[in-house]
Amino acid sequence: MDFNIVKITAFIVLILIYLGVRKFFKKVADFTEKLGESADNEEIERLNTKITSLEQQINHK
């Protein structure tokens with residue numbers, strides 16, 4: 001009977017560890033997604049300013 005209790009307890013502990021690891025990686029994924037979005041927006045703004053300056057240079061010539 002004790003052996004079954006140990007198996008059940010071990011199974012529950014494994015499930016809790018699985019859920020904890022899954023939650024951790026979800027938070028990491030959300031964090032990296034936010035970083036990527038902000039980096040993309042900054043790069044788009046930088047490229048738009050370059051395009052504008054190049055258009056002005058072309059129009060002046």
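What you see below is based on every heavy atom in this structure, not just the backbone, and it leaves out hydrogens, waters and symmetry mates.
Taking hydrophobic clusters as Ile, Leu, Val, Met, Phe, Trp and Tyr residues chained together by side-chain heavy-atom distances below 4.5 Å, V6 does not share a cluster with L14. Taken together through direct or relayed side-chain contacts under 4.5 Å among Ile, Leu, Val, Met, Phe, Trp and Tyr, V21 and F24 form part of one hydrophobic cluster.
Taking Ile, Leu, Val, Met, Phe, Trp and Tyr as hydrophobic and joining them when side-chain heavy atoms fall under 4.5 Å apart, one finds F11 in a cluster with I15, Y18, L19. Through side-chain heavy atoms spaced under 4.5 Å, either directly or across other Ile, Leu, Val, Met, Phe, Trp or Tyr residues, I8 is tied to I12, L16.
The pair D30-K26 counts as a salt bridge, with a side-chain nitrogen and a carboxylate oxygen less than 4.0 angstrom apart.
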Extract all donor-acceptor atom pairs below 3.5 Å that involve side chains of residues 48-55 and protein atoms in other chains or at least two apart in sequence.
from : atom 1 : to  : atom 2 : distance (Å)
N48  : ND2    : I44 : O      : 3.4
T49  : OG1    : E45 : O      : 3.4
T49  : OG1    : R46 : O      : 2.6
T52  : OG1    : N48 : O      : 2.8
S53  : OG     : T49 : O      : 3.4
S53  : OG     : K50 : O      : 2.8

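With rounding to the nearest 0.5 angstrom, the CG atom of N59 is 10.5 Å from the CD atom of Q57.
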